[in-house]
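Notes follow the structure.
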Amino acid sequence: MDIQQVSYPDLAFVDIETTGSHFDRDRITEIGIKTLASNQIQVWEQLINPQTFIPQNIQRLTGISPRMVEDKPSFEEVAKELKQELEGKYS
């Protein structure tokens, strides 16, 4: 039996944690990306300062507290790096 090599495009799997589920009010607290490219896995993770209140139930759910994000960059500060990380990948 002849096994052929299958070529896949670079893939990025994105996971985010937020302060809630309302798009107009809540903000991102963490972004994680796992990339599969050239048969290798790369991980990119960044805590984000949401610059807003993190409800207690969300803190329990995600494990992310205000203290953990108080000195982290805002989304605007990591947006360019995030774009570069996702560029050319299917997500």
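This chain uses plain numbering: 1 for the first residue, then up along the sequence.
Under the 3.5 Å distance criterion, the side-chain polar atoms of K72 are left unmatched by any main-chain donor or acceptor of M68. The backbone N or O of S74 lies less than 3.5 Å from a partner atom in the side chain of E77, making a donor-acceptor pair.
In this structure, F53 is not a member of the same hydrophobic cluster as V69, with clusters built from ILVMFWY side-chain heavy atoms closer than 4.5 Å. Hydrophobic cluster membership is shared by L86 and I16, with clusters built from Ile, Leu, Val, Met, Phe, Trp and Tyr side chains linked at under 4.5 angstrom. Using a 4.5 Å cut-off between side-chain heavy atoms of Ile, Leu, Val, Met, Phe, Trp and Tyr, with links allowed through other members, F75 and W44 fall into the same hydrophobic cluster. A continuous path of ILVMFWY side-chain contacts below 4.5 Å connects V14 to I48, so both sit in one hydrophobic cluster.
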D71/N49 under side chain to side chain contact (heavy atoms under 4.5 Å, CB included): CA gap, chis, key distance, verdict
CA-CA 7 Å; D71 64 344; N49 184 334; over 6 Å; no
Please step through side chain to side chain contact (heavy atoms under 4.5 Å, CB included) for the pair E30 and I64, ending with a clear verdict.
CA-CA 8 Å; E30 184 178 31; I64 299 171; 3.6 Å; yes
List the steps and the verdict of side chain to side chain contact (heavy atoms under 4.5 Å, CB included) for T35 and E85.
CA-CA 9 Å; T35 300; E85 191 66 32; 4.1 Å; yes
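From Q56, atom CD reaches atom OG of S65 across 9.5 Å, with rounding to the nearest 0.5 Å. If you take CD1 on I54 and CD on E17, they are separated by 11.0 Å, rounding to the nearest 0.5 Å. Of the inter-residue distances, the one linking T29 atom OG1 with I58 atom CD1 reads 8.5 Å to the nearest 0.5 angstrom. T52 contributes atom OG1, which lies 13.0 Å from atom CD1 of I28 (distance to the nearest 0.5 angstrom). Put simply, NZ on K34 and CD on E45 are 8.5 Å apart, with the number rounded to the nearest 0.5 Å. Atoms OG and CZ, on S21 and R25 in that order, are 7.5 Å from each other to the nearest 0.5 Å.
The two atoms that bring I33 and A12 nearest to each other are CG2-CB, 4.0 Å, heavy atoms only. For the residue pair D10 and G88, the shortest heavy atom distance occurs at CB-O, 4.2 Å.
In Q40, the CD atom is not crowded: 12 or fewer heavy atoms of neighbouring residues, nucleotides or ligands sit closer than 6.0 Å. Within 6.0 Å of the CG atom in N57, the count of heavy atoms belonging to other residues, nucleotides or ligands exceeds 12.
In this structure Q59 satisfies the side chain to side chain donor-acceptor pair (under 3.5 Å) test with no other residue, sequence neighbours excluded.
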